[in-house]
Amino acid sequence: MDPGLAIRPHTALRAALRAAWPDWSPVVLGMLVLYVPTFYRLFTGLWSTEEQAHGPMILLLSLWLIVRQWPAMLARADGRPAAMGWPVLGVGLLLYILGRSQGIVAFEIASFIVLLAAVLMLKCGHGALRVQWFAFFFMAFMVPLPGPLVGMLTMPMKMAVSWATEHVLFAAGFPIARSGVILQVGQYQLLVADACAGLQTLLTLEALGLFYLNVVRHSSAFRNVWLALLIVPISFTANVIRVITLSLVTYYFGDAAGQGFLHGFAGIVLFVTALLLIIGVDAFLQWFVRWRNS
């Protein structure tokens, strides 16, 4: 391959961003004025908790997607403001005012997404927003769900993960018993917490899988549909592997190891496991498509 061809997309992207900066710098400055306090509060508060630690990752990947699609967005831009952008802007400002004044963080995060979409519509038209639709859909995973809904859906998921962990470790010969979401491994008791097998964790893994699908952009509809459907069992399996890892760490090294640094490391294991499973399933689907078409 000609080395020049490999760098042209990056060169075009840098050129497009440089050309857009004078026109977009007031927008960037305005968004920073509005949202630096919000994101500071998120980074030092909600996003520092284990349940919502995916927030920064979602934000950075979403912004990367927007930048990545910038040349394509400009190519599809209508060249005139979309009238619908004004009511969307109003909704975004209303969400921001309510969120800031009432301390409703979900409204503040939602307002960031809505205002950004409104700005794109007003500056570039509907065509730009159609190009960037996935980035905005992906950002929606930052918005925390209502507590009662999370609690209602999390308990059955924790029960299922606990049940699967118990049966896998028992089949492997480990001394394990279960009472609800409490696992007794040897002399240690482990409570399967929301962060280990909750709805937010499942949604984060779903977001990771959808991001992978968007980046690889397979031409096979069969492959895309099946991979999207299999993200749910892949996410469940990754959660089970995480709880098994924590159980074995506690069994062999004690409760302090299971609740200390290695507990946080198990979170990394969760996402690495999910990504490897997604890539592995994708490779199998690729082989199956080729075998079916041969």
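For the pair Val105 and Pro144, the tightest heavy-atom approach, listed with the atom from each and the gap, is CG1-CG, 4.1 Å. Ile176 and Thr165 get closest at one heavy-atom pair: CD1-O, 4.3 Å. Minimum interatomic distance between Gly85 and Ala118 (heavy atoms only, all atoms of both residues): O-CB, 3.8 Å. The two residues Phe236 and Ala164 come nearest to each other via the heavy atoms CZ-CB, 4.2 Å. Contact between Ala238 and Ala274 at its shortest, heavy atoms only, is CB-CB, 3.9 Å. Contact record, Glu206 with Ser235: OE2-OG, 3.9 Å, taken as the closest heavy-atom pair.
Put simply, the side chain of Leu183 does not reach to within 4.5 Å of the side chain of Tyr188, judged on heavy atoms. Contact annotation: the side chain of Val185 never approaches that of Thr250 to less than 4.5 Å [non-hydrogen atoms, C-beta and beyond]. Looking at heavy atoms from C-beta onward, Leu213 lies in side-chain contact with Ile231 at the 4.5 angstrom threshold. Within the 4.5 Å cutoff, the side chain of Phe222 has heavy atoms near those of the Arg292 side chain. Between Phe141 and Leu210, the closest side-chain pair of non-hydrogen atoms falls below 4.5 Å. Residues Met73 and Leu120 have side chains in contact (heavy-atom distance under 4.5 Å, counting atoms from C-beta outward). Two residues are said to be in side-chain contact when any heavy atoms from C-beta on lie closer than 4.5 Å; Pro81 and Met121 fail this criterion. Residues Thr273 and Arg242 fail the side-chain proximity criterion, which asks for heavy atoms closer than 4.5 Å.
Cluster annotation: Ile97 is not connected to Ile113 through the hydrophobic network of ILVMFWY side chains, with a link wherever side-chain heavy atoms come within less than 4.5 Å. Residues Val216 and Ile278 fall within the same hydrophobic cluster, defined by Ile, Leu, Val, Met, Phe, Trp and Tyr side chains chained together at heavy-atom separations under 4.5 Å. Connection of Ile109 to Tyr40 is not established within any shared hydrophobic cluster, with ILVMFWY side chains joined at heavy-atom distances below 4.5 Å, either directly or through further cluster members. At a threshold of 4.5 Å between side-chain heavy atoms, the hydrophobic network of Ile, Leu, Val, Met, Phe, Trp and Tyr places Leu145 and Leu42 in one connected group. Residues Leu285 and Val232 do not share a hydrophobic cluster, defined by chaining ILVMFWY side chains whose heavy atoms lie under 4.5 Å apart.
Taking the ring centre of Phe288 as origin, the terminal cationic atom of Arg223 falls outside the region bounded by 6.0 Å and 45° from the ring axis.
You'll find the ring centres of Phe134 and Phe211 outside the 6.0 Å limit. For Tyr251 and Phe174, the ring centers are positioned less than 6.0 Å apart.
Atom CH2 of Trp86 has 12 or fewer heavy atoms from other residues, nucleotides or ligands within 6.0 Å. Around the CH2 atom of Trp287, the shell of radius 6.0 Å holds more than 12 heavy atoms that belong to other residues, nucleotides or ligands. Open room surrounds CE on Met84; 12 or fewer heavy atoms of other groups in view lie less than 6.0 Å from it.
Pairs passing the side chain to side chain donor-acceptor pair (under 3.5 Å) check and including a residue from residues 169-184, sequence neighbours excluded, read Glu166-Arg178, Gln184-Gln189. Among residue pairs with one or both ends in residues 57-70, none qualify as salt bridge (charged side-chain N to carboxylate O under 4.0 Å, His left out); sequence neighbours excluded.
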* To do: Could you walk me through whether Val215 and Trp64 pass the side chain to side chain contact (heavy atoms under 4.5 Å, CB included) test, one step at a time?
  => CA-CA 11 Å; Val215 170; Trp64 177 80; 4.2 Å; yes
* Steps toward side chain to side chain contact (heavy atoms under 4.5 Å, CB included) verdict (Leu122, Val88) -> CA-CA 10 Å; Leu122 291 173; Val88 173; over 6 Å; no
* From CA spacing to verdict: side chain to side chain contact (heavy atoms under 4.5 Å, CB included), Leu116, Met139 -> CA-CA 11 Å; Leu116 200 56; Met139 269 192 280; 4.0 Å; yes
* To do: Quick one: do Val161 and Val181 satisfy side chain to side chain contact (heavy atoms under 4.5 Å, CB included)? Show the steps, please.
  => CA-CA 8 Å; Val161 169; Val181 295; over 6 Å; no
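Annotation: the span from Leu59 atom CG to Trp47 atom CH2 amounts to 5.0 Å, rounded to 0.5 Å. With rounding to the nearest 0.5 angstrom, the OG1 atom of Thr237 is 9.5 Å from the CD1 atom of Ile244. The distance from atom CG of Asp23 to atom SG of Cys124, rounded to the nearest 0.5 Å, is 8.0 Å. The structure places CG of Leu89 at 11.5 Å from CG of Leu94, a figure rounded to the nearest 0.5 Å. Atoms CG and CD1, from Leu60 and Ile58 in turn, are 10.0 Å apart once rounded to the nearest 0.5 Å. One distance of note links CH2 of Trp133 with CG of Leu129; it measures 11.5 Å at 0.5 Å rounding.
At a cut-off of 3.5 Å, with distance as the only test, no side-chain donor of Tyr96 or Thr38 sits close to an acceptor on the other residue.
Judged purely by atom type and a 3.5 angstrom limit, Tyr35 uses its side chain to pair as donor or acceptor with the backbone of Phe112.
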